[in-house]
Amino acid sequence: MTYSPLNLGRLLVWGGFALILLIAPLIFTKGASLSILSLIGTLMIFGLSYNMLLGQGGMLSFGHAVYSGLGAFFVVHTMNSTGIGAAIPITLMPLVGGLAGMFFGVLFGYVTTKKAGTTFAMITLGLVELVFASSLMFPGFFGGEGGVTTNRVRGDAFFGITYGPQIQVYYLIAAWLFVSTIAMFAFTQTPLGRIVNAVRDNPERVEFIGYNTQWVRYLTLILSAFFAGISGALGTINFEIVSAENVSAIRSGAVLLFVFIGGIGFFFGPLLGAVVGVFFSVMLSDHTPAWQLYLGLFFILLVRFAPAGLASLILMLVRVASFGKFGRIWKPLTGVCVAAIVGLAGFVAAVEMLYHLTLNAANGTVMSLFGQQVDTKAAMPWLMVLVVLMVSYGLYRLFKPVYYAAWSEVNAEITAKLRGSMA
């Protein structure tokens with residue numbers, strides 16, 4: 001028997017994650033903060049389950065919302081039932097959603113995973129459209145256009161927990177998020193998790209050594225559908241309504257976008273993507289009708305400059321800092337960031353004025369912008385925006401060569417050091 005020391009780094013990461021989940025409601029206490037935190041939690045589980053397919057298995061799916069949505073529908077009917085479902089406490093309802101998602105993963109996954117690559121993606125797209133059409137054809141189960149409503153407060157309180165207050169719902173979501181995240185991370189360390197990585201990278205070689213790649217993809221999809229069903233169930237408890245939108249291609253496309261933003265090649269990428277996704281679709285949409293334009297532009301810039309997602313940017317900076325070389329890049333990096341912020345301010349001002357001038361001119365040409373009253377028909381505001389954009393471009397051209405040179409030099413030194421240690 002050999003002694004295996006504790007992985008203190010991993011314990012610190014998971015302990016820090018648990019601490020963040022515990023204290024988040026104590027930090028964000030204003031307005032609808034608890035509802036937003038709850039939404040982020042459910043989207044994190046949904047994103048992590050999707051990344052089991054795309055990031056770990058290389059399976060591009062356009063129909064992942066089918067499993068979370070159908071799991072949500074089964075949960076809402078279970079919550080409304082007077083039979084066996086009435087005996088299941090709200091705390092365990094996510095398990096009902098997970099089992100429902102797994103059932104449909106077994107049912108649909110056997111067909112969809114027969115093929116890989118683009119064919120798999122097209123089959124999943126057809127599947128989500130089929131289920132969405134069925135949701136309108138069978139209003140008895142799906143509730144038609146109005147959906148199905150429920151009430152999460154039912155039965156006797158358990159140690160004072162009724163799930164009436166939003167704080168109780170948040171901690172339920174946080175608990176399931178923590179457990180689900182550990183379970184999905186543990187999957188990456190299993191033989192199935194490792195072999196699905198191999199299927200992603202070189203399916204022909206995997207078949208050559210005797211594995212059935214279709215069954216590997218199939219089993220992975222079933223497990224992914226289970227966690228997607230948990231996410232759908234938690235969303236049902238949070239919002240107390242499920243509609244056809246839960247099984248739509250729009251929701252499937254949204255989780256694909258957010259996971260890609262976070263970084264499909266990193267386990268924690270979907271966690272970042274969920275935060276960014278809620279910021280754009282919920283928080284920013286309350287302040288501007290142009291939020292989709294900003295989201296699209298952000299996605300394009302991310303693909304252009306960081307195709308591996310936000311997680312890759314963070315890890316690259318952590319890598320430089322771990323070798324003690326961050327001090328050599330922080331000044332030019334700050335300059336590039338300042339240029340970007342100045343340019344962002346000018347771009348936002350131009351977009352908001354243009355939106356107001358074209359879509360809201362009936363209410364007058366004067367609008368509030370950055371706390372100031374601006375006449376969108378006057379020449380001066382547009383001239384100031386032009387000046388800001390030119391200043392931003394000038395700063396970018398000034399700091400970019402310095403930053404690029406410092407970054408290249410630092411990474412070359414790190415690479416040389418790593419090669420020397422391996423020699």
Side-chain angles (χ1 to χ4, degrees), residues 24-44 46-47 166-167 169-170 173 235 238-239 241 243 245 248 250-251 253-262 270-303 305-306 309-310 313 337-378 380-389 391-392:
L26 306 179
I27 299 174
F28 302 98
T29 58
K30 295 183 179 179
S33 297
L34 283 177
S35 297
I36 293 175
L37 290 174
S38 299
L39 179 59
I40 290 174
T42 58
L43 189 56
M44 282 180 172
F46 193 27
Q166 185 64 34
I167 185 67
V169 176
Y170 165 77
I173 293 174
N238 187 31
F239 294 109
I241 186 172
S243 65
E245 191 269 337
S248 67
I250 295 177
R251 176 158 293 198
V255 71
L256 167 60
L257 184 67
F258 299 154
V259 169
F260 200 97
I261 287 174
L271 304 180
L272 298 175
V275 176
V276 174
V278 171
F279 170 76
F280 278 103
S281 61
V282 178
M283 301 173 66
L284 193 60
S285 63
D286 287 340
H287 296 88
T288 172
W291 68 272
Q292 289 177 313
L293 185 149
Y294 296 132
L295 175 58
L297 179 64
F298 177 77
F299 181 72
I300 292 172
L301 291 175
L302 190 69
V303 172
F305 294 103
L310 293 175
L313 293 178
C337 290
V338 169
I341 293 173
V342 172
L344 177 63
F347 177 78
V348 169
V351 170
E352 294 301 318
M353 288 195 298
L354 185 60
Y355 260 71
H356 184 85
L357 193 61
T358 57
L359 301 178
N360 205 26
N363 296 325
T365 60
V366 178
M367 65 172 294
S368 177
L369 183 64
F370 300 134
Q372 303 294 323
Q373 295 299 309
V374 177
D375 187 355
T376 56
K377 272 196 171 182
M380 184 56 67
W382 293 100
L383 182 60
M384 292 179 63
V385 166
L386 180 61
V387 170
V388 169
L389 292 175
V391 169
S392 171

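For the numbers below, each heavy atom of this structure counts, side chains included, while hydrogens, waters and symmetry mates do not.
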Are [X] and [Y] packed together at the side-chain level, in the sense that at least one heavy-atom pair is separated by less than 4.5 angstrom?
X      : Y      : value
Pro25  : Leu34  : yes
Val366 : Lys377 : no
Pro270 : Phe258 : no

### Query
Quick one: side-chain hydrogen bond (donor to acceptor under 3.5 Å, both in side chains) partners of Glu245, sequence neighbours excluded?
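Glu245 satisfies side-chain hydrogen bond (donor to acceptor under 3.5 Å, both in side chains) with Arg251 once adjacent residues are dropped.
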### Query
Just wondering, are more than 12 heavy atoms of other shown residues or ligands nearer than 6.0 Å to CD in Gln373?
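More than 12 heavy atoms, drawn from other residues, nucleotides or ligands, come within 6.0 Å of this atom.
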### Heavy-atom neighbours of Leu383 CG exceed 12 at 6.0 Å
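Yes, the 6.0 Å shell around CG holds more than 12 heavy atoms from other groups.
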### Message
One pair to check against side-chain contact (heavy atoms from CB on, under 4.5 Å): Phe239 and Leu39. What are the steps and the verdict?
### Response
CA-CA 9 Å; Phe239 294 109; Leu39 179 59; 3.9 Å; yes
Any idea which heavy atoms bring [X] and [Y] closest together, and the distance?
X      : Y      : result
Val351 : Ala290 : CG1-CB, 3.8 Å
Ser281 : Ser285 : O-OG, 2.7 Å
Ala350 : Val385 : CB-CG1, 3.8 Å
Ser38  : Ile173 : CB-CD1, 3.6 Å
His287 : Met283 : ND1-O, 3.0 Å
Asp375 : Pro381 : O-CG, 3.4 Å

### Trp382 (side chain) donor-acceptor with Thr376 (main chain) under 3.5 angstrom
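Answer holds: yes.
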#### Entry: Under 3.5 Å donor-acceptor, Ser392 side chain and Ala339 backbone
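Yes.
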What distance separates [X] [atom1] from [Y] [atom2], expressed to the nearest 0.5 Å?
X      : Y      : atom1 : atom2 : answer
Ile167 : Thr29  : CD1   : OG1   : 10.5 Å
Phe280 : Phe299 : CZ    : CZ    : 12.0 Å
Ile40  : Ser33  : CD1   : OG    : 9.5 Å
Phe347 : Leu389 : CZ    : CG    : 9.0 Å

### Task
Could you walk me through whether Phe260 and Leu302 pass the side-chain contact (heavy atoms from CB on, under 4.5 Å) test, one step at a time?
CA-CA 10 Å; Phe260 200 97; Leu302 190 69; 5.7 Å; no
#### Entry: Stepwise side-chain contact (heavy atoms from CB on, under 4.5 Å) test for Ile36 and Phe28
CA-CA 10 Å; Ile36 293 175; Phe28 302 98; over 6 Å; no
### Message
Checking Leu295 against Ile261 for the side-chain contact (heavy atoms from CB on, under 4.5 Å) test, could you report, in this order, the C-alpha distance in whole Å, the side-chain angles of both residues, the deciding distance, and whether it holds?
### Response
CA-CA 10 Å; Leu295 175 58; Ile261 287 174; 4.1 Å; yes
Pair up each side-chain donor or acceptor in residues 352-360 with any protein partner under 3.5 Å, not counting sequence neighbours, and list the distances.
unit_1 : atom_1 : unit_2 : atom_2 : d
Glu352 : OE1    : Thr288 : OG1    : 3.3
Glu352 : OE2    : Thr288 : OG1    : 2.7
Glu352 : OE2    : Tyr294 : OH     : 2.7
His356 : NE2    : Gly364 : O      : 2.7
Thr358 : OG1    : Leu354 : O      : 2.8
Thr358 : OG1    : Tyr355 : O      : 3.4
Asn360 : OD1    : Asn363 : ND2    : 2.6

